[in-house]
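Let me begin by presenting the structure, written as structure tokens, before commenting on it.
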Amino acid sequence: MPRVGIPTGLADEFTNGITELDAEATNVRGLVLALEARYPGLGKAIDEEMAIAIDGNIYQDGFIQKIREDSEVYFLPKIAGGSAL
């Protein structure tokens with residue numbers, strides 16, 4: 001079962017402070033849906049605010065990425081780009 005890490009801010013708001021979770025899924029979209037079912041509102045927050053790191057690779061929009069049973073998935077705040085001078 002993939003191991004999932006979420007930032008402390010989301011954990012405090014949605015999971016009663018739990019920052020590491022297990023959830024069954026074969027892709028990130030399924031994982032987000034599973035987390036949303038367990039913690040209402042968390043999936044929407046992830047969708048709007050988070051980038052995804054899967055086994056060390058970061059994706060800004062990785063919802064179609066496949067995950068393995070032994071994957072480590074971390075949700076990270078999206079990095080905003082700046083303007084060139």
Side-chain angles (χ1 to χ4, degrees):
M1 187 173 308
R3 191 78 179 146
V4 181
I6 61 172
T8 304
L10 287 182
D12 289 344
E13 187 173 349
F14 296 103
T15 66
N16 200 27
I18 300 169
T19 59
E20 292 193 15
L21 310 162
D22 291 319
E24 289 191 41
T26 58
N27 62 37
V28 175
R29 174 56 64 200
L31 178 63
V32 171
L33 291 172
L35 294 174
E36 176 67 25
R38 196 181 319 167
Y39 304 104
L42 178 58
K44 182 178 180 189
I46 288 171
D47 214 14
E48 294 174 353
E49 304 170 19
M50 299 287 120
I52 299 114
I54 304 167
D55 299 323
N57 295 308
I58 299 174
Y59 303 91
Q60 289 295 324
D61 295 308
F63 288 100
I64 61 170
Q65 295 298 319
K66 295 198 180 299
I67 52 178
R68 298 183 320 266
E69 187 171 309
D70 63 342
S71 286
E72 291 185 354
V73 179
Y74 290 91
F75 293 101
L76 313 162
K78 285 185 179 179
I79 299 170
S83 61
L85 296 175

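Everything numeric in this text was worked out from a predicted model, so none of it was measured.
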Could you go through residues 41-50 and list every donor-acceptor pair under 3.5 Å that involves a side-chain atom there, pairing it with any protein atom two or more places apart or in another chain?
none

Cluster question for you: counting only ILVMFWY and a side-chain heavy-atom cut-off of under 4.5 Å, with indirect links fine, are Met1 and Leu21 together?
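Different hydrophobic clusters.
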Report the hydrophobic cluster partners of Leu33, with the cluster defined as I, L, V, M, F, W, Y residues connected by side-chain heavy atoms closer than 4.5 angstrom, directly or transitively.
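Other cluster members: none.
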Could you state the interatomic distance from CZ (Phe75) to CG (Leu35), rounded to the nearest 0.5 Å?
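Going from CZ on Phe75 over to CG on Leu35, the span is 6.0 Å.
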How long is the gap from CZ on Arg38 to CZ on Phe14, to the nearest 0.5 Å?
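Going from the CZ atom of Arg38 to the CZ atom of Phe14 covers 15.0 Å.
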Residues Tyr39, Asn16; criterion side chain to side chain contact (heavy atoms under 4.5 Å, CB included); working and verdict:
CA-CA 10 Å; Tyr39 304 104; Asn16 200 27; over 6 Å; no
Asp55: side chain to side chain contact (heavy atoms under 4.5 Å, CB included) partners, not counting sequence neighbours
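Once residues adjacent in sequence are excluded, the partners of Asp55 under the side chain to side chain contact (heavy atoms under 4.5 Å, CB included) criterion are Arg68, Ser71, Glu72.
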Minimal non-hydrogen separation, Ala25 against Leu31, with atom names
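Looking at all heavy atoms of both residues, the closest pair is CB-N, 3.3 Å.
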Using every non-hydrogen atom in the two residues, find where Pro2 and Ile67 come nearest and quote the distance to one decimal.
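Pro2 and Ile67 have their closest heavy atoms at CG-CD1, 3.9 Å.
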More than 12 heavy atoms of other residues, nucleotides or ligands under 6.0 Å from CG of Asp70: yes or no?
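Counting neighbours around CG of Asp70, more than 12 heavy atoms of other residues, nucleotides or ligands fall under 6.0 Å, so yes.
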Does the side chain of Val4 reach to within under 4.5 Å of the side chain of Tyr74, using non-hydrogen atoms?
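They are not in side-chain contact.
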With side chains defined as the heavy atoms from C-beta onward, is the minimum distance between Tyr59 and Ile64 less than 4.5 Å?
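Not touching, per the 4.5 Å side-chain cut-off.
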